[in-house]
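Accompanying notes for the structure given below.
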Amino acid sequence: MKLDVVLGLQWGDEGKGKVVDVLTPNYRVISRFQGGPNAGHSLKFNNLSYVLHTVPSGIFRDESINIIGNGVVIDPVILAEEIESIEKENIDVKKKLLISKKAHLIIPTHRIIDAASEASKGKTKIGSTLKGIGPTYTDKIGRIGLRVGDLLDIDFKEKYNNLKKHHQRLLKQYDFEYDITEYERRWFEAIEKLREFQFIESEHLINKYLNEDVAVLAEGAQGSMLDIDFGTYPYVTSSNTVCAGACTGLGVAPGRIGEVFGIFKAYCTRVGSGPFPTELHDETGELLAEIGREFGSTTGRKRRCGWLDLVALKYAVMINGVTKLIMMKTDVLNTMETIKAAIAYKIKGVETTEFPYEHEAEIEPVYKEFKGWNCDICNIQNYDDFPAELKEYIEFIEKETGIPIWIVSVGADRKATIFRQ
Ligand code: IMO
Ligand code: MG
């Protein structure tokens, strides 16, 4: 069996939670391979709404096994809170959730460094979610990080204190006041809770499952345009959000990757700073934000909105080797008279269809216009019943990217999901 991967192709918040939830009946195992509590994956079913940050989105399905892989960074406080809220739904999380010993721990001072570093950047701040993601990956690469497996060592407290002292020394360079007493108390309470969970060597287990023909799905966080290598650096997150990240974040060989499901919104959003060529600073942008309820599920910040960017989308399709596309929030465009999609960029008068290195330069999108469908599509159950204008939009995207759109989402609920043959 091969490992199928679900990932976001834009700047995050594409609807990964919903898609994983919809696909889980086909998979026994769901695994997260990178990122951490900067993610906010929303699920909606049986009139319930959930936002997951660290736990894989398969947790609510019967019989599913959910793995937090080695590539993920974990804040015990956030994870323990998440587990408690899921347990309230009578789900046996202890049985269904497995955590890699190699996943790194976000400690309270990582969060402070994140905040101090952002505050010191002024206008050039990244717009981080301030969950300590960047500093934790920095320590991982710097080979001084703490891992879940360290929680089992008798000298854990000493290791923790050494890292904390190192952080306190770093923090002296910033003029930043902080007090971690309360968060640290909760942190130590939370690791007691986590110690009741199964810590595993997830690479062995996942490869064993694949060898036994058990279906495994890898759930990406953030989006390709936030990837540390291929995103709009430095306005990115600190992990490889692209498909290759599933190999390093789970210990699965490249040749074992199967389907790569690339998720995108029918338009575009971005939260935080950084380039966004098709951003709209007008009424249409406001309308997209309002109809699409574009507020961050992790930080509550308002998301920037704009038209679909096919230059960036094609780039993401290439880097990830996407095999099937999934289009989300299509219904948000229901009332638009005209819909636009960028098919090229004009940079200093020169047109290009390749996503450029100089993305901070003035980019002028070259748009193709589409007639809107101007009707409610939320209750449509078959592709054939879609209005002609919507079919035209879908088929154009398929032609540009060379990849079929397999699923079209027309609403937040599990049921508002159209599969195409
Ligand atoms: P999901 O998984 C959208 C953005 C932040 C910031 C930048 C760096 O829900 O799609 P970080 O906290 O990672 O250091 O922030 O990345 N960002 C996200 N934007 N969705 C996310 O996750 C994000 N995770 C990080 O806003 O611009
Ligand atoms: Mg999100």
Side-chain angles (χ1 to χ4, degrees), residues 5-21 32-44 49-57 68 71-75 78 82 104 106 110-119 121 124-140 218-242 245-246 249 262-265 268-276 279 289 292-305 316 326 328-329 359 412:
V5 185
V6 159
L7 36 81
L9 299 179
Q10 295 165 323
W11 282 279
D13 305 323
E14 297 90 352
K16 295 173 288 287
K18 170 175 167 169
V19 170
V20 172
D21 178 60
R32 276 277 306 268
F33 58 88
Q34 47 69 233
N38 48 349
H41 294 180
S42 309
L43 284 71
K44 210 169 170 185
S49 290
Y50 262 93
V51 181
L52 296 173
H53 301 289
T54 321
V55 174
S57 301
I68 299 177
V72 175
V73 290
I74 297 173
D75 183 331
I78 297 177
E82 218 171 310
H104 278 247
I106 302 175
H110 280 130
R111 292 165 58 102
I112 306 294
I113 295 173
D114 211 355
S117 149
E118 278 284 80
K121 285 190 176 122
T124 58
K125 74 171 196 292
I126 292 163
S128 156
T129 59
L130 304 182
K131 304 290 179 200
I133 306 294
T136 306
Y137 279 117
T138 301
D139 285 351
K140 173 179 178 175
E219 171 182 5
Q222 290 81 53
S224 300
M225 302 314 287
L226 289 170
D227 180 90
I228 184 75
D229 282 281
F230 301 103
T232 48
Y233 193 89
Y235 301 100
V236 292
T237 190
S238 298
S239 65
N240 278 118
T241 61
V242 296
I263 311 181
F264 68 102
K265 275 182 204 174
C268 240
T269 65
R270 171 162 206 170
V271 60
S273 333
F276 181 3
E279 182 171 12
R293 276 180 248 109
E294 294 296 354
F295 292 89
S297 38
T298 298
T299 56
R301 289 178 293 174
K302 191 168 177 221
R303 296 179 185 141
R304 299 152 66 191
C305 295
I326 298 177
M328 307 300 291
K329 295 188 99 164
H359 45 68

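Counting starts at 1 for both ligands and their atoms, in listed order.
- Listed by chain and number, the residues in a salt bridge (Lys or Arg N to Asp or Glu O under 4.0 Å) with Asp114 amount to none (sequence neighbours excluded).
- Distances from atom 14 (O) of ligand 1 to the heavy atoms of Ser273, Ser128, Gly127 put Ser128 nearest.
- The closest approach between a heavy atom of Arg303 and any atom of ligand 1 is not below 4.0 Å.
- By the salt bridge (Lys or Arg N to Asp or Glu O under 4.0 Å) test, Arg270 pairs with no residue at all, sequence neighbours left out.
- Smallest separation of non-hydrogen atoms from Phe33 and Ala218: CD2-CB, 3.8 Å.
- Residue Gly12 places no N or O, backbone or side chain, under 3.5 Å from any N or O of ligand 1.
- Remark: of the listed residues Asn240, Thr129, Asn38, Asn38 is the sole one forming a side-chain hydrogen bond (donor to acceptor under 3.5 Å, both in side chains) with Gln222.
- In this structure, Tyr137 has no ring-ring contact (aromatic ring centres under 6.0 Å, His included) partners at least two apart in sequence or on a different chain.
- Inclusion of Thr129 in the set of residues having an N or O under 3.5 Å from an N or O of ligand 1 is warranted.
- Proximity of Lys16 to ligand 1 is established by a heavy-atom distance of less than 4.0 Å.
- Closest protein heavy atom to atom 3 (C) of ligand 1: Asp13 OD2, 3.1 Å.
- An N or O contact shorter than 3.5 Å links Gly40 to ligand 1 by distance.
- The Trp11 neighbourhood of ligand 1 comprises atoms 3 (C), 19 (N), with distances under 4.0 Å to a heavy atom of that residue.
- Counting only protein N, O or S atoms, the number found under 2.8 Å from the Mg ion (ligand 2) is 2.
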